[in-house]
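Here the structure is laid out as structure tokens; the discussion comes afterwards.
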Amino acid sequence: MSDSKTSTFDETWQPVWGETKNVKNHYNELAVTLNQKQTERQIVIRFRLFDDGLGFRYEFPRQKNLNYFTIKEERSQFAMTGDHTAYWIPGDYDTQEYNYTTSKLSEIRSLMGSAYEGGNVSQTSFSPTGVQTSLMLKTNDGVYINLHEASCLNYSTMHLNLDDKILFLNLGLHQIHMAIKVKCKHLLPHLGELLS
């Protein structure tokens, strides 16, 4: 780690349309800069903590030894604290047109077959425990968790693959975009959000 910076942001803005007149955008931020000594490359991991959630993303600052690059995969993980109730749709590269299934995380594998609806010819499952975002979870304590990405400009959307033995959700990138490889210029825009 070569640097860390904190900051606070607070604004209220008005959407063009929506359920509320004003939207509060207030967060505390921590930006951690990591160095890879062998290549002299840097990455910044930016965390934002809001009153009702958190987000993070990876950023590659402009630097001499890294201009354009190709993302082959992303390995972010979300470790769950229990066998939460999940509101999910099957992981599918072609469509999001499914009804939501409500189950425990540990039940996703056994319910995957029935979650696919007959007659949908555009089904391309990526895993027997794969689910699409946004994924809403509810803990036994009544805390809601929503995992989703944001700011996906010129970048692949994400899906989640559950390791149902240890209740880890592994982030994966949408394979249609990955087939042409994702060429990036300095910013990986995924944000994981936890809402309570």
Side-chain angles (χ1 to χ4, degrees), residues 1 4 27 29-32 34 36 43-50 52-60 70-96 98-117 123-152 155-179 181-182 184 188-196:
M1 184 172 89
S4 67
Y27 58 82
E29 181 176 278
L30 170 64
V32 178
L34 304 174
Q36 186 180 44
I43 184 173
V44 175
I45 305 176
R46 187 172 307 276
F47 302 92
R48 289 184 178 169
L49 182 60
F50 299 83
D52 59 355
L54 67 92
F56 71 95
R57 72 176 171 195
Y58 308 105
E59 299 174 2
F60 293 91
T70 301
I71 303 297
K72 293 182 179 178
E73 62 183 320
E74 187 171 326
R75 294 190 175 184
S76 297
Q77 294 180 320
F78 302 96
M80 297 295 103
T81 59
D83 192 12
H84 305 316
T85 299
Y87 305 87
W88 58 276
I89 58 175
D92 188 325
Y93 289 136
D94 300 314
T95 185
Q96 295 182 337
Y98 294 102
N99 289 322
Y100 273 80
T101 299
T102 303
S103 72
K104 293 292 189 181
L105 285 168
S106 61
E107 298 170 327
I108 288 176
R109 182 183 301 272
S110 65
L111 295 173
M112 187 61 72
S114 62
Y116 277 100
E117 297 165 3
Q123 298 173 355
T124 308
S125 171
F126 58 81
S127 165
T129 57
V131 296
Q132 295 187 52
T133 61
S134 79
L135 174 64
M136 179 69 76
L137 303 162
K138 184 179 181 184
T139 69
N140 289 337
D141 297 329
V143 175
Y144 284 89
I145 303 167
N146 185 20
L147 298 176
H148 200 34
E149 72 268 333
S151 188
C152 290
Y155 195 72
S156 175
T157 56
M158 73 178 194
H159 62 260
L160 297 166
N161 193 21
L162 173 67
D163 181 332
D164 50 4
K165 292 181 178 65
I166 58 174
L167 299 177
F168 273 37
L169 289 157
N170 300 297
L171 186 146
L173 300 177
H174 197 288
Q175 292 300 310
I176 290 173
H177 296 285
M178 295 308 290
K181 301 298 181 196
V182 178
C184 292
L188 290 170
H190 286 308
L191 292 174
E193 296 181 16
L194 301 179
L195 302 177
S196 59

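When a residue number appears, it is its place in the shown sequence, counting from 1. For the numbers below, each heavy atom of this structure counts, side chains included, while hydrogens, waters and symmetry mates do not. Bear in mind the structure is a predicted one, so any value in this text is a computation, not a measurement.
Once rounded to the nearest 0.5 Å, the distance linking NE2 of H84 with CG of L135 reads 10.5 Å. The distance from the CZ atom of F47 to the CD atom of E29 is 10.5 Å, given to the nearest 0.5 Å. Between the CE atom of M112 and the CG atom of L162 there is a distance of 8.5 Å, given to the nearest 0.5 Å. The distance from atom CD of E59 to atom CD1 of I45, rounded to the nearest 0.5 Å, is 10.5 Å. Between atom OG1 of residue T85 and atom NZ of residue K104 there is a gap of 3.5 Å, rounded to the nearest 0.5 Å. Between H159 atom NE2 and L169 atom CG the span is 11.0 Å, to the nearest 0.5 Å.
Minimum interatomic distance between S134 and Y100 (heavy atoms only, all atoms of both residues): O-OH, 3.8 Å. Considering all non-hydrogen atoms of both residues, N161 and G130 come closest at OD1-N, 3.7 Å. In plain terms, the two heavy atoms of F56 and S76 that are nearest each other are CE1-OG, 4.1 Å.
T129 and D163 share no donor-acceptor pair across their side chains, judged by distance under 3.5 Å alone.
Looking at heavy atoms from C-beta onward, Y98 lies in side-chain contact with Q132 at the 4.5 angstrom threshold. With contacts defined as side-chain heavy-atom distances shorter than 4.5 Å, the pair Y27/L49 does not qualify. Two residues are said to be in side-chain contact when any heavy atoms from C-beta on lie closer than 4.5 Å; I145 and F78 fail this criterion. For the pair D164 and I108, the minimum side-chain heavy-atom distance is 4.5 Å or more.
Using modelled atom types, one side-chain atom of D83 and one backbone atom of L105 make a donor-acceptor pair closer than 3.5 Å.
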